[in-house]
2 protein chains.
Amino acid sequence: MQCAQELGYRSNVLARSLSNHKTFTIALILPTLTNPFYPEIVEALEHTARDHDYQTLFCNTHFHFELGRLQMERMMSRWVDGYIIMGSSMDIADITRYFQQGVPIVLCDWQENEAPPGIPQVSVDFYRAGQLAAQHLLDLGHQHVAIIVDEQQQALRLEGFASTMQEAGIALLHEKIQSGASTLESGYSATKNLLAHPQRPTAIFAATDWMAMGALEAALDAGLRVPEDLSVIGLDDIMLSAHLHPPLTTIAVPKAQLAQETMDLLLKQINGDKDVPALRLVEPYLVSRQSTTTNTTA
Amino acid sequence: MQCAQELGYRSNVLARSLSNHKTFTIALILPTLTNPFYPEIVEALEHTARDHDYQTLFCNTHFHFELGRLQMERMMSRWVDGYIIMGSSMDIADITRYFQQGVPIVLCDWQENEAPPGIPQVSVDFYRAGQLAAQHLLDLGHQHVAIIVDEQQQALRLEGFASTMQEAGIALLHEKIQSGASTLESGYSATKNLLAHPQRPTAIFAATDWMAMGALEAALDAGLRVPEDLSVIGLDDIMLSAHLHPPLTTIAVPKAQLAQETMDLLLKQINGDKDVPALRLVEPYLVSRQSTTTNTTA
DNA sequence: CTGAAAGCGCTAACAT
DNA sequence: ATGTTAGCGCTTTCAG
């Protein structure tokens, strides 16, 4: 025992895994790291994984489903214990196949349009997030509001936002709904479009902070002051948001909690737990900063 | 063969690894993901790794050497093929021990004060980067310049900057050298200090873009316009920098190239290549945007 | 050129 | 309590 220490003996995890059918490795599959939201999630997820003595195999699909499938196959033949798959990184059809074969999988921050059939999922209550954003703008007296959103993948944010507006007697006209992918650039061009309209909105809800950064940039380029001329509210509360000019008001996603719930559902499956909850929602909340203010237009 | 396909047979990488003494896994060890520079590097590194059919085990030490050692031990007993270790993530003493045992290791973007004894390293020519920053400010006619830098870990940037200033007959007074870690917050407070001096500088070189973002924020809070009242230049050229207000002038680090060279040195070691170069430098270059302008003070 | 067997380093189920 | 052995799924070597 003692001389094992001296000879620098190290138990071989590979051999143990082969024998145990357990690798203490989980895979983390995500679509990109470009949106700053993902690094923050990765940091939280890797941390909780390590808390449970798991190591993380990292896999970036660059929004490319084919690449996702390839990577997944490689992981499968490595006997990875479980998979955390983030929204937009893989084809749900592929995932479903694996899940039906009994592979432990948790969807994290999944697309809002597809209901994954029975695959455990932890996500933010995006419908509520949309409502919170709408309510905040309503509280500030805004009537002419617009939204920048990926109508496919972020359907719930849109629905929540529209419903609260509706309740306040404000119809969200089609022209006030700008489609855009979750990138700064698309936030920028969507805002350009919105501001080009004859009656421009007094407030914009961008479905992610990353888009909201583009909105801020576009407003500035158009010679508008934020928040005096235009209020902007985002969603995610990435670290950057507190340091923008002006600091961004946003609907925050509790990332550590998201990570913990995700890991929890994954471990339950790995440990052979029978009834794993199919859905767990995490509650978003408003973080009020300086990019929104009361509406002063007639 | 064909029916193996039908039965969904998958060759077991674990067993192969056990037999082959080769796992086709590399470890990527870094200090944090908070600084946006790291996600960009991770994306590049993971991409090149995959190009060579390697998968990436991800490990974030949160600047905590002890955690780094723990993780490294776990990886070692997994027979990871090689290690890419980024600056500030692990104790060089530990790394040296492993390297002497014959473990393939490449240091990437390493601290500028420690010369790792014989461990292959690929980094940016930070001395040159400092010179480029200085030259740019000199070209714009700035005389009263300051630098925000981690004097320990970013010594070369400081030396390069100071040397070029020196050649132009400008002594970099001690009070114009502000220490700071590579964070937005420390860039902010360092700039506050600098601007509080009776004769404030007309230009600031921040050793990373992440710090420069803090500098921009501090200047704004102090009621100064950038670049009219204060020029700011950074280093890294993270994606964000192009979208700041004003867009940040910076010394760019070619990240894809950094990643490729790193992977190249690592593969050489893994393949048992005899003479692996001890150091490979990547050339930085100036990206001129709107945060710097000609000096207009008397 | 195809087929059997030993071994990679560990765990777990045995027998002593 | 301790010691031995079969087996995890693959590769490689050695026979047939």
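Computed from a predicted model, the values in this text were never measured in an experiment. Protein chains get the first letters and strands the later ones, always in sequence-line order, with residue 1 at the start of each.
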Exercise. Sort and list the pairs that fulfil salt bridge (charged side-chain N to carboxylate O under 4.0 Å, His left out) and have at least one residue in residues 103-121 of chain B, not counting sequence neighbours.
Key: B:Glu112-B:Arg157
Quiz prompt | A:Asp51: side chain to side chain contact (heavy atoms under 4.5 Å, CB included) partners, not counting sequence neighbours | solution = A:His47
Quiz item: Can you name the residues that form a side chain to side chain contact (heavy atoms under 4.5 Å, CB included) with B:Gln153, not counting sequence neighbours?
Solution: B:Ser88, B:Gln111, B:Asp150
Self-check item: salt bridge (charged side-chain N to carboxylate O under 4.0 Å, His left out) partners of residues 27-38 of chain A, not counting sequence neighbours, each pair once
Solution: none
Practice problem: Could you list the residues that satisfy side chain to side chain contact (heavy atoms under 4.5 Å, CB included) with A:Ala155, not counting sequence neighbours? | Solution: A:Glu159
Practice problem: Please list, in 5' to 3' order, the outermost nucleotides of DNA chain D lying under 4.0 Å from any heavy atom of chain A. | Solution: D:dG7 to D:dG9
Practice problem: Mind checking ring pair (Phe, Tyr, Trp, His ring centres under 6.0 Å) for B:Tyr127 and listing every partner two or more places apart, or none if nothing turns up? | Solution: none
Self-check item: Residue list, side-chain hydrogen bond (donor to acceptor under 3.5 Å, both in side chains) with A:Gln269, at least two apart or on another chain
Solution: none
Quiz item: What residues, two or more places apart in sequence or in another chain, satisfy side chain to side chain contact (heavy atoms under 4.5 Å, CB included) together with B:Leu279?
Solution: B:Gln121, B:Leu281
Can you pull every protein N or O that's under 3.5 Å from an N or O on nucleotides 10-12 of chain C?
| residue | atom | partner | partner atom | Å |
| --- | --- | --- | --- | --- |
| C:dC10 | OP1 | A:Tyr9 | OH | 2.5 |
| C:dC10 | OP1 | A:Asn12 | N | 2.6 |
| C:dC10 | OP2 | A:Tyr9 | OH | 3.1 |
| C:dT11 | OP1 | A:Arg16 | NH1 | 2.5 |
| C:dT11 | O4' | A:Ser19 | OG | 2.8 |
| C:dT11 | O3' | A:Asn20 | OD1 | 3.2 |

Quiz item: To the nearest 10 degrees, what angle separates the axes at the start and end of the helix from C:dG3-D:dC14 to C:dC14-D:dG3, five pairs each?
Solution: 50°
Practice problem: Can you run down the side chain to side chain donor-acceptor pair (under 3.5 Å) pairs that involve residues 95-107 of chain A, sequence neighbours left out, and say none if there aren't any? | Solution: A:Glu73-A:Tyr98, A:Asp94-A:Arg97
Quiz item: Is a salt bridge present between B:Arg280 and B:Asp264, judged by a nitrogen-to-oxygen distance below 4.0 Å?
Solution: yes
